[in-house]
Amino acid sequence: MLSRCRLHLNRCSRQATSFFFFLLLQTFVCASTVSAQTVPRETLGKVKDSALGELSGLIQSNKYPNKFWTHNDSGDSARIFLIDNKAALETTYWLSGIKAVDIEDIAKFKWEGRSYLVVADIGDNLAVRNEVQLYIFEEPDWHAGLKDVHIPKEKIRTLRMRYPDKPRDAEALFVDPQSLTCYLISKRDFKVGLYAVNIMQSPSESILLEPKTNLPFTFITSADISDDGRWILVKNLTEVFLWERNLGVSVVLTLQQKPIKLPYQPEPQGEAICFDQDSSVFYTISERPLGLDSYLYRYSINSID
């Protein structure tokens, strides 16, 4: 009898959560329609390929400046996509030997003159995962017309990580180009946590994430840092925040300062953001919930000189 009651409560909880997010989505769509004339954004292209259904992360390629790396979140295979600046799919890259759980963001960094990608399998909606993973590998080559590429398992370095207190859901990370420290930002906390890990350390049994600070935000879905480490972007479902990092100041101290709130038009389940290479522009892209359309958008940041 007790088990039956628990099952019923879990089912009700899931239904209530689904209904809540449905209402939230409708609110965002309405807000998007109202503010369309006030936000200076450029629509670059519509997402058309059926494989690109739940895009959750975005980063501009270091090797191919007019192209972007992106990926789906939970339920998809271990793969990333290279798209052009019109949101058209160029090539699918499969991470051989990797079993993805919930890939939620993607980052990049340079080391010894080479460009690397960090694929973040850090999503945990129910907060039950004992470990989350980062998959790190050199940014692949692209050849026009080649639709599928397999990245060998031996070329992928996996970092297994755990939180010091309890499992948490996270969807945002970036790698500081100055220190090569990777920062994760939790999602569902009332005040989200900032956690750090050295991206260059060798894989071990399990790496303990280092808590650094808490930020007065919630539902953080993506983040990025400029190539020179001077600017940091953080996004939640409805807002985008920008921090300027002064010379010699750490990422942690920078994020503890008051950010600039940038103009942004909410998208239906918009979860991805990244800088352009010159840091005066950022891009966003969204999932396609309930069959809604998704676009690659470009925003100019007037406050950056």
Side-chain angles (χ1 to χ4, degrees), residues 51-52 54-84 89-123 129 131-144 146-162 170-184 195-207 209 222-225 227 229 272 274-275 277 285:
L52 310 177
E54 296 188 19
L55 299 181
S56 184
L58 186 72
I59 202 76
Q60 190 174 48
S61 169
N62 277 331
K63 296 174 70 171
Y64 309 102
N66 292 321
K67 302 191 186 300
F68 300 84
W69 296 102
T70 187
H71 57 83
N72 293 319
D73 57 18
S74 60
D76 199 12
S77 303
R79 59 179 178 171
I80 60 174
F81 308 104
L82 187 68
I83 62 174
D84 66 14
L89 176 60
E90 295 279 13
T91 304
T92 301
Y93 292 78
W94 301 83
L95 279 57
S96 301
I98 300 298
K99 186 177 181 180
V101 177
D102 189 358
I103 297 173
E104 288 289 356
D105 208 355
I106 187 168
K108 64 181 180 180
F109 67 94
K110 290 183 178 179
W111 182 61
E112 295 185 344
R114 296 183 178 183
S115 177
Y116 290 82
L117 298 179
V118 182
V119 175
D121 192 348
I122 57 176
R129 298 177 63 180
E131 291 183 335
V132 293
Q133 292 82 30
L134 300 182
Y135 306 120
I136 305 161
F137 49 92
E138 191 171 346
E139 182 175 357
D141 292 330
W142 170 71
H143 301 283
L146 195 59
K147 295 302 180 183
D148 288 275
V149 173
H150 290 264
I151 301 172
K153 183 178 181 180
E154 58 269 21
K155 299 291 186 180
I156 303 170
R157 184 162 55 93
T158 299
L159 291 187
R160 297 164 48 204
M161 309 172 301
R162 56 189 171 88
E171 295 188 2
L173 92 163
F174 59 90
V175 179
D176 177 16
Q178 297 178 13
S179 66
L180 295 185
T181 300
C182 181
Y183 291 94
L184 284 75
Y195 299 85
V197 62
N198 179 1
I199 201 71
M200 298 307 298
Q201 66 183 287
S202 300
S204 64
E205 290 290 323
S206 183
I207 299 167
L209 287 165
S222 191
D224 194 21
I225 191 169
D227 287 348
C274 73
F275 274 112
Q277 288 188 337
I285 203 165

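Only this structure's heavy atoms are used, side chains among them; waters, hydrogens and symmetry mates stay out.
The CD atom of Glu90 sits 6.5 Å away from the NZ atom of Lys147 when rounded to the nearest 0.5 Å. In this structure, the separation between OH on Tyr195 and CG on Leu209 is 8.0 Å, given to the nearest 0.5 Å. Atom CD1 of residue Ile285 and atom CG of residue Leu55 lie 5.0 Å apart, to the nearest 0.5 angstrom. A distance of 9.5 Å separates OG1 in Thr92 from NE2 in His150, rounded to the nearest 0.5 Å. The CG atom of Leu82 sits 11.0 Å away from the CG atom of Leu146 when rounded to the nearest 0.5 Å. With rounding to the nearest 0.5 angstrom, the CZ atom of Arg160 is 9.5 Å from the OG1 atom of Thr158.
The minimum heavy-atom distance between Pro140 and Leu117, with the atom names listed, is CD-CD1, 3.9 Å. Contact detail for Thr70 and Gly57: the closest heavy-atom pair is OG1-O, 2.6 Å.
With no hydrogens or angles considered, no side-chain donor-acceptor pair links Glu171 and Ser56 at under 3.5 Å.
Side-chain atoms of Ile98 and Gln133, non-hydrogen and from C-beta on, never get closer than 4.5 Å to each other. Using a 4.5 Å heavy-atom cutoff, the side chains of Asn198 and Ile207 are not in contact. Counting heavy atoms from C-beta on, the side chains of Asp224 and Ile59 come closer than 4.5 Å. Between Cys182 and Val197 the shortest side-chain heavy-atom distance falls below 4.5 Å.
Salt-bridge annotation for Glu139 and Lys108: absent, with no side-chain N of the basic residue lying under 4.0 Å from a carboxylate O of the acidic one. Note on Glu138 versus Arg114: salt bridge recorded, some NZ/NE/NH1/NH2 to OD/OE distance being below 4.0 Å.
Checking side-chain atoms of Arg79 against main-chain N and O of Asn72 turns up no donor-acceptor pair under 3.5 Å. Remark: the backbone N or O of Pro177 is not paired with any side-chain donor or acceptor of Lys110 at under 3.5 angstrom. When atom types are taken as modelled, the side chain of Gln60 and the backbone of Cys274 share no donor-acceptor pair closer than 3.5 angstrom. In this structure a side-chain-to-backbone donor-acceptor pair under 3.5 Å is missing from Ser61 to Phe68. Proximity of a side-chain donor or acceptor of Asp121 to a complementary backbone N or O of Ala100 within less than 3.5 Å is not detected.
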How far apart are the C-alpha atoms of His71 and Val119, what are their side-chain angles, what is the distance that settles it, and do they pass the side chain to side chain contact (heavy atoms under 4.5 Å, CB included) test? CA-CA 9 Å; His71 57 83; Val119 175; 5.5 Å; no
Apply the test side chain to side chain contact (heavy atoms under 4.5 Å, CB included) to residues Phe137 and Ile80: give CA-CA distance (whole Å), side-chain angles for both, the deciding distance (0.1 Å), then the verdict. CA-CA 12 Å; Phe137 49 92; Ile80 60 174; 3.9 Å; yes
Could you go through Glu54 and Asp76, starting from their C-alpha distance and side-chain angles, then the distance that decides it, and tell me whether this counts as side chain to side chain contact (heavy atoms under 4.5 Å, CB included)? CA-CA 9 Å; Glu54 296 188 19; Asp76 199 12; over 6 Å; no
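Remark: Lys155 pairs with no residue by the salt bridge (charged side-chain N to carboxylate O under 4.0 Å, His left out) rule, at least two apart or across chains. Partners of Val118 according to the side chain to side chain contact (heavy atoms under 4.5 Å, CB included) rule, which considers only residues two or more places apart in sequence or in another chain, are Ala107, Phe109, Leu134, Ile136, Leu173, Val175, Ile199. With sequence neighbours left out, Ala172 forms a side chain to side chain contact (heavy atoms under 4.5 Å, CB included) with Asp105, Ile185, Ile220, Ala223. Taking the side chain to side chain contact (heavy atoms under 4.5 Å, CB included) definition, one finds that Thr91 meets it with Tyr93, Trp142, Val149, sequence neighbours left out. Every residue two or more places apart in sequence or in another chain was checked for a salt bridge (charged side-chain N to carboxylate O under 4.0 Å, His left out) with Glu104, and none qualifies.
Surrounding NZ of Lys153 are at most 12 heavy atoms belonging to other residues, nucleotides or ligands under 6.0 Å away.
Sorted by first and then second residue, the side chain to side chain donor-acceptor pair (under 3.5 Å) pairs involving residues 94-103 (not counting sequence neighbours) are Trp94-Asp148.
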